[in-house]
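Heads up, the thing below is written out as structure tokens.
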Amino acid sequence: MSYYITTPIYYVNAEPHLGHAYTTVVADALARFHRLLGEETRFQTGTDEHGEKVMEAAEKAGLPVKEFVDRISAQFRRTWDEMDISYDRYIRTTSPEHVRVVQQVLQKVHDSGDIYYGEYGGLYCYGCETFYLERDLIDGKCPDHQVAPTYIKEENYFFRMSRYQDWLIDYIAAHPQWIRPERYRNEALAFLKEPLEDLCISRPRSRIEWGIPLPFDERYVTYVWFDALLNYLTGLDYPAGEFYPRFWPGVQHFIAKDILKPHGIYWPTMLKAAGVEPFRHLNVHGYWQMPQGKMSKSLGNVVEPGYLAQHYGIDQIRYFFLREMVYGLDAHFSEEALRTRINADLANDLGNLFARSLGMAFKYRKGVVPHPGVPEAADKDVAADAQAMAADFLRLFPELEFPKALARVWEFINHLNRYIVTCAPWELAKDPGKAQRLDTVLYHLLEGLRWLAALLRPVMPGSALKMSEQLGLGLSLWDLPLSQVLKWDRLLPGSLLKKGPPLFPRLEMEEK
RNA sequence: GGCGGUGUAGCUCAGUCGGUUAGAGCAUGCGGCUCAUAUCCGCAGUGUCCGGGGUUCGAAUCCCUGCACCGCCA
């Protein structure tokens with residue numbers, strides 16, 4: 001089974017914020033997870049660069065459109081690089097490959113009769129890029145922009161989305177997990193209770209130039225969503241490239257709830273019309289609620305991922321994202337909550353466990369992994385719990401149950417901390433007759449840490465690597481599929497540990 | 001206006017098919033340890049499970065209703 005993991009391509013009319021970062025980190029963690037299991041994995045992100053709003057944003061910035069999109073797209077890419085995002089491909093909708101794919105699909109759907117030419121007149125808001133009905137207006141103005149829309153009548157091309165309504169309803173009904181979590185599946189079904197209208201997929205060039213020309217009518221460019229969604233096919237070099245048959249339809253799309261409609265309705269019907277199998281899952285997540293309410297520029301509470309990463313550390317942010325938000329639900333964001341997680345979970349529990357374990361190994365055994373003796377009950381408990389933790393983690397992670405998966409890992413961390421107190425190695429060290437017992441305890445501790453490093457790799461890649469280095473793990477204990485790494489007693493007695501700075505420095509809570 | 005969700009400890013949340021004294025983490029208080037990043041371990045709590053009514057031997061859980069907040073659609 002192969003995994004094709006995607007984030008949305010982010011719209012370049014605004015700079016990267018917390019929400020973009022969350023989607024991207026989740027997708028990255030899952031991609032790393034599948035790679036670790038030795039599964040064929042491909043992960044992609046990128047930017048969506050056409051449409052009227054982008055033109056406007058460029059104008060506002062006083063830049064030629066191309067220059068503007070280059071700049072913002074690069075900014076997104078830099079942010080992901082700073083956050084250790086392991087994308088295999090970075091898609092831009094202005095790239096020639098993408099333009100080619102969009103035109104091919106349009107032509108195909110046109111040829112098969114699912115695109116027709118028609119006339120549409122209505123009240124159009126340029127800000128929303130949408131036609132409005134009288135009843136939707138507030139005081140005759142667009143509800144979002146407070147601007148009176150203009151009546152325009154124009155001829156356009158329409159995609160016969162309505163033709164696939166029943167098919168889509170049946171497909172959703174037959175595949176309960178297809179759109180997940182369930183609340184969003186229900187929302188998609190709610191859309192479909194009303195008759196589906198055909199989708200207007202063109203914009204006249206007289207009005208907007210910044211888009212992909214329709215292959216069958218040069219007077220028009222493609223509607224930005226029809227263009228953007230196809231990036232998922234471009235990323236596999238559809239239709240002739242080698243990736244397409246390898247990775248389609250094993251697709252895991254990750255999106256935030258605001259773009260459920262395009263992904264849950266437009267996209268599957270587009271695929272159906274183009275003769276392409278549906279994706280495997282659409283994974284929809286919620287919003288980060290800010291302390292002052294919704295995140296918005298006017299409130300000045302937009303959080304930049306780059307700032308967080310620099311201030312608190314990449315892995316700290318990644319951990320927080322996955323631990324604090326139940327996938328699919330909204331969650332609260334605050335720097336205070338972040339600091340609390342960092343100190344309580346990372347510095348105190350995990351970081352300190354790691355430091356005290358290695359500290360004792362150096363103090364009592366000169367940094368050499370000892371040979372374990374015959375295990376006692378407490379030791380066997382540790383080994384058994386490690387196995388149980390791994391089993392739970394491996395089950396929960398692909399179900400997107402990140403908080404549960406991590407909480408389970410932390411149960412094991414607590415177990416190891418308790419194990420230390422119970423066995424009291426500092427007492428054993430005082431009695432030469434208990435040398436072998438001390439060896440056994442230290443070995444079990446270090447071996448437990450090795451399992452932690454292995455499992456935390458998708459979540460905190462940088463820290464996991466530091467752990468593996470300090471544990472003296474060679475490539476044979478690290479760069480292998482998890483199934484081979486996760487075997488108790490694999491840590492090699494006699495191998496050398498390495499000292500290092502604290503994995504997760506404790507933050508002072510007073511400072512702000 | 002229609003549909004849906006949420007409401008549980010000071011805070012953030014878990015509570016499967018209805019079944020003993022309703023749970024976790026953080027914060028708080030007390031005790032223990034000294035290997036460790038003043039960390040760790042143990043103990044202690046505290047609750048009108050949003051209000052009201054109903055079904056049931058038994059309701060945080062099911063039904064009705066009211067309130068509050070949120071989302072989607074129109």
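Here is how names work: the chains are called A, B, and so on, in the same order as the sequence lines, proteins then strands, and each is numbered from 1. Quick note: numbers below take in every heavy atom, side chains included, and nothing from hydrogens, waters or symmetry partners.
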**Request:** Return the set of residues passing side-chain contact (heavy atoms from CB on, under 4.5 Å) with A/K272 (not counting sequence neighbours), or none when no residue passes.
**Result:** A/Y164, A/W167
When the side chains of residues 357-368 of chain A are checked against the rest of the protein, which donor-acceptor pairs come out under 3.5 Å, sequence neighbours left out?
residue, atom, partner, partner atom, Å
A/S357, OG, A/L353, O, 2.7
A/R365, NE, A/D439, OD1, 2.5
A/R365, NH2, A/A435, O, 3.1
A/R365, NH2, A/D439, OD1, 3.1

**Message:** Please report the interatomic distance OG1(A/T45) to CZ(A/F254), rounded to the nearest 0.5 Å.
**Reply:** 12.5 Å
Identify all side-chain donor-acceptor contacts of residues 380-391 of chain A below 3.5 Å with residues at least two apart in sequence or on another chain.
residue, atom, partner, partner atom, Å
A/D385, OD1, A/R408, NH2, 2.8
A/D385, OD2, A/H415, ND1, 2.7

Which atom pairs, one a donor and one an acceptor, fall under 3.5 Å between side chains of residues 418-434 of chain A and the rest of the protein, sequence neighbours left out?
residue, atom, partner, partner atom, Å
A/Y419, OH, A/D379, OD1, 2.7
A/T422, OG1, A/R418, O, 2.7
A/D431, OD1, A/G433, N, 2.8

**Request:** Output the residues of residues 422-438 of chain A in contact with RNA chain B, where contact means a heavy atom of the residue under 4.0 Å from an atom of the strand; sort by number or write none.
**Result:** A/W426, A/E427
**Item:** C1' gap between B/A24 and B/C49, integer Å
**Value:** 16 Å
**Request:** Just call it for A/A190: base, sugar-phosphate, or nothing, with non-hydrogen atoms closer than 4.0 Å on any strand.
**Result:** nothing
**Request:** Under the side-chain contact (heavy atoms from CB on, under 4.5 Å) rule, collect the residues that match up with A/E324, sequence neighbours excluded.
**Result:** A/W288, A/F320, A/A337, A/R341
**Message:** Base contacts versus sugar-phosphate-only contacts with protein, heavy atoms under 4.0 Å: please encode nucleotides 6-12 of chain B as B, S and - from 5' to 3'.
**Reply:** ------S
**Complete:** Whole-Å distance, A/Q289 CD to B/C13 C1', equals 15 Å
**Message:** Short of 4.0 Å, heavy atom to strand atom, which residues of residues 367-374 of chain A count as contacting RNA chain B?
**Reply:** none
**Asked** Quick one: side-chain hydrogen bond (donor to acceptor under 3.5 Å, both in side chains) partners of A/H20, sequence neighbours excluded?
**Response** none
**Message:** According to side-chain hydrogen bond (donor to acceptor under 3.5 Å, both in side chains), who are the partners of A/Y171, at least two apart in sequence or on a separate chain?
**Reply:** none
**Prompt:** Using a cut-off of 4.0 Å on non-hydrogen atoms, how would the nucleic acid contact of A/Y364 be classed: base, sugar-phosphate, or nothing?
**Reply:** sugar-phosphate
**Message:** Taking any heavy-atom pair under 4.0 Å as a contact, classify A/L353: base, sugar-phosphate, or nothing.
**Reply:** nothing
**Item:** side-chain hydrogen bond (donor to acceptor under 3.5 Å, both in side chains) partners of A/R163, counting only residues at least two apart
**Value:** A/D114
Between the protein and nucleotides 40-47 of chain B, are there any N/O to N/O pairs under 3.5 Å, and if so, what are the atom names and distances?
residue, atom, partner, partner atom, Å
B/C40, OP1, A/D349, OD1, 3.3
B/C40, O2', A/R356, NH1, 3.1
B/G42, OP1, A/R418, NE, 3.4

